[in-house]
Each structure stands twice: as C-alpha cells, then as structure tokens.
Asker: 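The structure that follows is given in the form of structure tokens.
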Amino acid sequence: MAISKDLVAASATPLVLSILSGGENYGYAIIKRVHKLSGGQMQWTDGMLYPVLHRLEEQKLIQSKWRESETGRKRKYYKIKKEGTKVLKEQQKQWKVVYSTLRQLWENEPCLT
Amino acid sequence: MFDLNEKISMWRGNLAQSETLGSSDIDELESHLHEEIENLTTLKLSDEEAFLIATHRLGSTDSLAAEYEKINRGVKFRHRLFWIATGVLGYFLATYLADAFSIALAVSSGSMDYNTGIVFIVSKIMFWTIVVFLCYQIYKGGFDNLRIRQLLSSFKGKCIFIAILVIAFIMLYCAILFIAVDILTQFEITKWIMDHRDFEVIEVFWGYLRLVWSVMLPALLVMLLIKLRRKDLSHEVDA
C-alpha cells in the first residue's frame, strides 16, 4: 500500500520537524528514517524533501549548516529552532485531533463484512 | 566503460541548466546522490546500476526543477541578471579594444603624441586585466563566503584585505579631490557667465565624467557579478 501524494505532502512538515527535534540531521538520513519508520510505505521521491527543508528554513523553523561528515564528504545539516519546536507542538495537537476523530468513527462503525 | 564521476557531472550539468536550482541546491542533491550510490554499491550493485537507481529515486530533472521553482523564485532572476551584467561588461571590453586600436593607429600615424598614447593604452590594459581576472575568478567559483572566510581567518589574509581597502580608499579619495579641485578652479563659480570659455569647461567636465563612468561602471558590474555569485554559493563549512 502506497500512501497518497496529498497525505505525504501534508505530513511532510510534522515528520521533518519531529525527526529534527531529536537532534540535527541531514536530508539523506531523514528520508531513510521516514522510510524505515513507515515500514517502507511512506516513500518520498527523494529530491522532494529538499524543497520542503528549504521552505521550513525560509520560515525560520529550522536552520542549516554545511559541514564535513566523518567520511570527509560535505553535508548540509539541519537543526530545529525554537520557533520550529513551537510549530511542531501545535501540529501535534492538530494531528491528534484528526487521529482521534477518525479512530472514534472507525471504532463505532459497524463492521460491514 | 562506465565512468561514475563523468555521469555525475553530466547529471549536475542537466540540473544547472534548469536555472531554478542554485549551485548550493545542486551540491546538496549531489551529496545525497553519493550517499545513495555508496549505499547501493554495498548491496553488490555495480556503479552503473547504483547510479541509475539513485538518480531515479531522486526524481527527474524536470520534476526537481518544478519543485525548486516554487521556493527559488529569485534564483532564475539572479541568473538572468548575472548574464545581462556579463553581456554589458563584454560590450565595454569590446569598446575598450576598439579604443585601444584607434589610439594605436593614432600613435603610429603620428596624430597623437607617443607618450600620451602609451599612457592611455597601458593604463587601460592594466584596468581591464584586473576586470578580466576578477571575472575569471567569479566563473571559477571564487568569491564565495567560504573562500573569503578562509582568507580572512588568517592574519596575513586580514592584512592583505585591509591593505586593499586602504589603497582603494586613498585612490578614490585622490580621484574625487583631484576632480573636485580641478572643476572648482576651472569653473570659477563666482563669475558664472556663459561664454565660449564655459563651453570648454563643460567639455572638460564631461570628459572627467566619462572617465569616472568608464572606470566605475565596469567596477560596479564586477561587484554585481560577485554579489550574484556569492548568494548562489552561500556555503558555510565548519571543518
């Protein structure tokens, strides 16, 4: 089962902010993390993550820095900012409301089969 | 034989053509591509297979360009401005070459004093050598924040930078003083009457303006090119 494009797009911001709230990270690792956590069901086209990261940076929710990795390659690391943590908390509340609403509906719904 | 580095630089070239991706964006995508290829080759895939899969996963050039266009509206404009400024600079260089040629002709035919001609040509050659050298550096990717930072991080670099600034300032100051004093004495502002002599004065004044213009405009264009380039390459690398 592949998650629809709209749902992937809508969840991109809370996903990225949540991962970055656990410490700074770079694009490739963020994609791999999402892939692993979703059991391979949330598949971004890899290149689409970067415009999301840049947009969040423009909104001053995260900040970036080029740094050399342990392998000697240059990587752009992203880090969450205070404002980003605030937005993440707000988004968590919103997603919880959506989730609990859907869950109640689905739990009370009579089984059709 | 499959050459991975060549394929990657071709892939970079395709992305660069889209105009909506800055070189910093392309660097970031390339870094991702390298990680993915490395990861795939550990799974016993060949370089060629890893490259094909990694580029496919990153997305097509068109779709990447379309995504980046949404966030990089300014980049396309800067890119075009960069080439317009380069074109204007090229035009100035062409007129300078024509000028130098006509001066050389005037000197050889004897209608211009030999020394004056040489001073003209040498000073112009020196100025344009600096301009062309700076342009070459810009195209090579110089003048980004990283290099300037590296230069400024050493004591010697700081000294050179300050020395250049001081010399530039003194030169500018002398030029302004020289022109201002000359104009003030020539114009005799208190006895301002328009007679045939004043027309000569205006001509001299116009000559100075053109001189300043011919030096300042290329210099401003070079500064514009550096500014446009630096924004494109705003990397900050902490070693």
Side-chain angles (χ1 to χ4, degrees), chain A residues 2-3 5-6 8-13 15-16 19-20 23-36 38 40-79 81, chain B residues 8 11-12 14-15 18 20-43 50-75 144-147 149-150 232-239:
Chain A
I3 307 290
K5 223 176 157 187
D6 287 345
V8 171
S11 58
T13 303
L15 274 171
V16 168
I19 290 172
L20 292 180
E24 64 167 8
N25 223 326
Y26 58 99
Y28 185 74
I30 293 173
I31 287 171
K32 289 289 148 199
R33 184 91 197 278
V34 172
H35 187 76
K36 198 175 167 195
S38 68
Q41 297 195 58
M42 279 198 80
Q43 188 66 60
W44 274 320
T45 313
D46 290 2
M48 301 309 153
L49 169 73
Y50 295 99
V52 173
L53 284 167
H54 294 186
R55 194 173 299 125
L56 292 176
E57 193 179 5
E58 236 168 59
Q59 292 167 351
K60 299 196 171 24
L61 303 183
I62 59 176
Q63 61 188 42
S64 70
K65 207 164 212 186
W66 280 95
R67 230 176 38 210
E68 262 179 39
S69 68
E70 59 279 2
T71 54
R73 176 160 299 131
K74 273 197 308 179
R75 271 183 197 153
K76 200 173 184 183
Y77 283 88
Y78 294 88
K79 200 168 143 188
K81 291 173 82 166
Chain B
I8 288 178
W11 171 83
R12 267 193 80 103
N14 282 338
L15 280 181
S18 73
T20 56
L21 281 90
S23 53
S24 172
D25 299 327
I26 300 177
D27 282 351
E28 191 175 25
L29 289 173
E30 189 189 337
S31 163
H32 179 107
L33 193 69
H34 278 292
E35 307 249 7
E36 185 77 323
I37 289 172
E38 255 167 42
N39 191 18
L40 289 168
T41 45
T42 55
L43 302 173
F51 175 79
L52 286 173
I53 293 173
T55 46
H56 179 74
R57 281 188 184 165
L58 256 179
S60 69
T61 309
D62 288 344
S63 61
L64 284 173
E67 276 310 304
Y68 274 90
E69 190 167 9
K70 292 177 198 161
I71 53 162
N72 282 349
R73 289 180 201 283
V75 166
D144 56 43
N145 285 344
L146 173 63
R147 287 195 194 184
R149 256 166 206 248
Q150 276 174 350
D232 229 11
L233 289 163
S234 54
H235 289 188
E236 288 176 30
V237 177
D238 294 342

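Every chain is numbered from 1, with letters handed out A, B, ... down the list of sequences. The analysis underlying the following values was restricted to heavy atoms, covering all of them including side chains, and did not include hydrogens, waters or symmetry mates. Everything numeric in this text was worked out from a predicted model, so none of it was measured.
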Asker: Which of the residues B/Glu67, B/Glu38, B/Glu36 is involved in the greatest number of heavy-atom pairs with chain A at under 4.5 angstrom?
Answerer: B/Glu36
Asker: OH/A/Tyr78 to CD1/A/Ile19 distance, rounded to the nearest 0.5 angstrom?
Answerer: 13.5 Å
Asker: Do B/Trp11 and B/Leu58 come close enough that some side-chain heavy atom pair is under 4.5 Å?
Answerer: yes
Asker: Check whether A/Arg73 gets within reach of chain B through its side chain, its backbone, both or neither, counting any heavy atom under 4.5 Å.
Answerer: side chain
Asker: Just to verify, what does B/Ser60 make a side chain to side chain donor-acceptor pair (under 3.5 Å) with, not counting sequence neighbours?
Answerer: B/Ser63
Asker: What option among A/Arg55, A/Lys32, A/His54, A/Glu58 has the most heavy-atom pairs under 4.5 Å with chain B?
Answerer: A/His54
Asker: Sequence neighbours left out, what passes side chain to side chain donor-acceptor pair (under 3.5 Å) with B/Arg12? Give chain and number order.
Answerer: B/Asp27, B/Glu30
Asker: Need one label for A/Ile31: side chain, backbone, both or neither, based on atoms under 4.5 Å from any heavy atom in chain B.
Answerer: side chain
Asker: Determine the option with the most heavy-atom pairs under 4.5 angstrom with chain A, choosing from B/Glu35, B/His56, B/Arg57.
Answerer: B/Glu35
Asker: Side chains of A/Ile30 and A/Arg33, heavy atoms from C-beta outward: is any pair under 4.5 Å?
Answerer: no
